[in-house]
Amino acid sequence: MAASPRPTPVATLAGGVGAARFLRGLTRVVSAREVTALVNTGDDRFFYGVHVSPDLDIVTYTLAGRVDPVRGYGLEGDTFALVEALSAFGHETWFRLGDRDFATCQHRTLCLRLGAGLAEATDEIRRTFGVETRILPMSEDPCPTTVELTGGKRVHFEEYLVRDGAPDDVTAVDLSAARRARPAPGVLDALESAHAIVICPSNPVVSIGPILAVPGVREAMAASGAPIVAISPIVGGAPVKGPADRLLRGIGVEVSARGVAGLYREFIDAFVLDERDAEQSADIEAMDLRVRVVDTLMRDAKAAARVAEAALSLAVEL
Ligand code: GDP
């Protein structure tokens, strides 16, 4: 059977774990050099004096085959001497940054201090890890995502997720910093020159939401004329992991593939949903979207490649 044509280059909007797993599959289907990951930096924060970029590092470590497979983030086999020693000094150490992971973040911090931008630092890190896929931060400006909780308390997203364990009382998500940020060098070009744009199966509110909020991103996606395909991060009516359910509820969106498709419908052309949610496909088609139903659980790279194949085959048809 002849291989189907591939719409390359592919630009992807990416969060952390869900996106990283998908990208691992995508780079089995098309050349890694034909893929650019535009990554959320709304979760970035300083911890222990270093600039931590959770989503950039999850994507880099996963594509390098070095991610901790159990946690889905951090480096496999890392040690935690640094946070343990800091804890003995009485520091808060709820953010468990591994020692080698700390070195990545320390390197990033030193690069930034020497005048490099976050895009350049990210590129150097991915090359050092031997990753061929281009990885770009959505912006070089600080864009912290904050979450408002019942009672009006506002916290940084990492405090909500990691320190507080993602309680179910989100009333609003504040992306105003991303709305004021400039896109990082290369972001708009990657979108405008793409032949397919894929919204990875990531948290729609706090991973994809901040990227879309950066001025110019939505316009560049439309200007590309490329087919835009999203993959549902909701499987069987619930997130595979993480607090997407709590955040979707917080912004008044149904926790379902249909809810996510509705959130994206204005700017996407097609939607891949999981076979466990197949009964929703007619509702999503009624949104004027092309639909494909597959098993989207990315248990391994082969399964992820099947999801990527489905997304690209939809893009070819458009
Ligand atoms: P985070 O920043 O690490 O939370 O990463 P993302 O935003 O990229 O990923 C979180 C989302 O990925 C969650 O909503 C998950 O449901 C989704 N996700 C993770 N693994 C899978 C999978 O195997 N299949 C699908 N369809 N979604 C997944």
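Atoms within each ligand, like the ligands themselves, are counted from 1 in listed order.
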Ligand 1 to Leu297, heavy atom cutoff 4.0 Å, flagged ligand atoms 23 (O)
Could Glu148 and Arg154 be called an ion pair, given the rule that one side-chain N must be under 4.0 Å from one carboxylate O?
yes
message = Any nitrogen or oxygen of Ile234 lying under 3.5 Å from a nitrogen or oxygen in ligand 1? Just yes or no.
response = no
Less than 3.5 Å between some nitrogen or oxygen of Asp43 and one of ligand 1, yes or no? no
Correct closest heavy-atom pair for Val206 and Val173 would be CG1-CG1, 4.1 Å
Of all protein heavy atoms, the one nearest atom 6 (P) of ligand 1 is Gly16 N, 3.3 Å
the protein heavy atom lying closest to atom 2 (O) of ligand 1 turns out to be Asp55 OD1, 3.2 Å
Taking every heavy atom of Ile234 against every heavy atom of Asp277, the minimum-distance pair comes out as O-OD2, 3.3 Å
Discussion item. Can you confirm if the aromatic rings of Tyr61 and Phe129 lie within a centre distance of less than 6.0 Å?
Written reply: yes
Ranked by distance from atom 12 (O) of ligand 1, the top protein heavy atom is Pro201 O, 2.9 Å
| So is Ile231 in contact with ligand 1, going by heavy-atom distances below 4.0 Å? | no
Near Ser207 (heavy-atom distance under 4.0 Å), the atoms of ligand 1 are 2 (O), 6 (P), 7 (O)
Closest to atom 20 (N) of ligand 1 among protein heavy atoms sits Arg21 NH1, 3.2 Å
Before accepting this row, confirm whether a basic side-chain N of the pair Arg180/Asp141 lies closer than 4.0 Å to the acidic partner's carboxylate O. no
Filtering Gly25, Gly209, Ser232, Pro243 for the heavy atom nearest atom 26 (N) of ligand 1 leaves Ser232
Nearest non-hydrogen protein atom to atom 3 (O) of ligand 1, with distance, is Val17 N, 3.0 Å
- Message: Less than 3.5 Å apart, any donor N or O on the side chain of His107 or Glu124 sitting next to an acceptor on the other?
- Response: yes
Closest non-hydrogen atoms of Ala37 and Thr133, given as atom of the first, atom of the second and distance, are N-CG2, 4.5 Å
Nearest heavy-atom approach of Val205 to Asn203 is N-OD1, 2.9 Å
request  = Give yes or no for whether the N/O distance cutoff of 3.5 Å, strictly under, is met between Ala244 and ligand 1.
outcome  = no
For ligand 1, is Gly242 a contact, meaning one of its heavy atoms is under 4.0 Å away? no
Nearest non-hydrogen protein atom to atom 25 (C) of ligand 1, with distance, is Thr296 O, 3.6 Å
The atoms of ligand 1 lying under 4.0 Å from a heavy atom of Val235, numbered in the order shown, are 25 (C), 26 (N)
- With under 30° as parallel and over 60° as perpendicular, where do the rings of Trp94 and Phe47 fit, or are they tilted in between? perpendicular
Atom 15 (C) of ligand 1 sits nearest the protein heavy atom Lys241 O, 3.4 Å
Among non-hydrogen protein atoms, atom 9 (O) of ligand 1 lies closest to Gly18 N, 3.3 Å
- Should Ile125 and Thr128 count as side-chain neighbours, where that means a heavy-atom distance under 4.5 Å? no
Quiz item: More than 12 heavy atoms of other residues, nucleotides or ligands under 6.0 Å from CD of Glu92: is that the case?
Solution: no
Discussion item. Using a 3.5 Å cut-off on N or O atoms only, is Val240 in polar contact with ligand 1?
Written reply: yes
Check your understanding: Under 30°, 30 to 60°, or over 60°: which ring-plane class applies to Tyr160 and Phe157, parallel, tilted or perpendicular?
Key -> tilted
Ligand 1 to Asn203, heavy atom cutoff 4.0 Å, flagged ligand atoms 6 (P), 7 (O), 9 (O), 10 (C), 11 (C)
Within 4.0 Å of some non-hydrogen atom of Pro233, the atoms of ligand 1 are 14 (O), 15 (C), 16 (O), 17 (C), 27 (N)
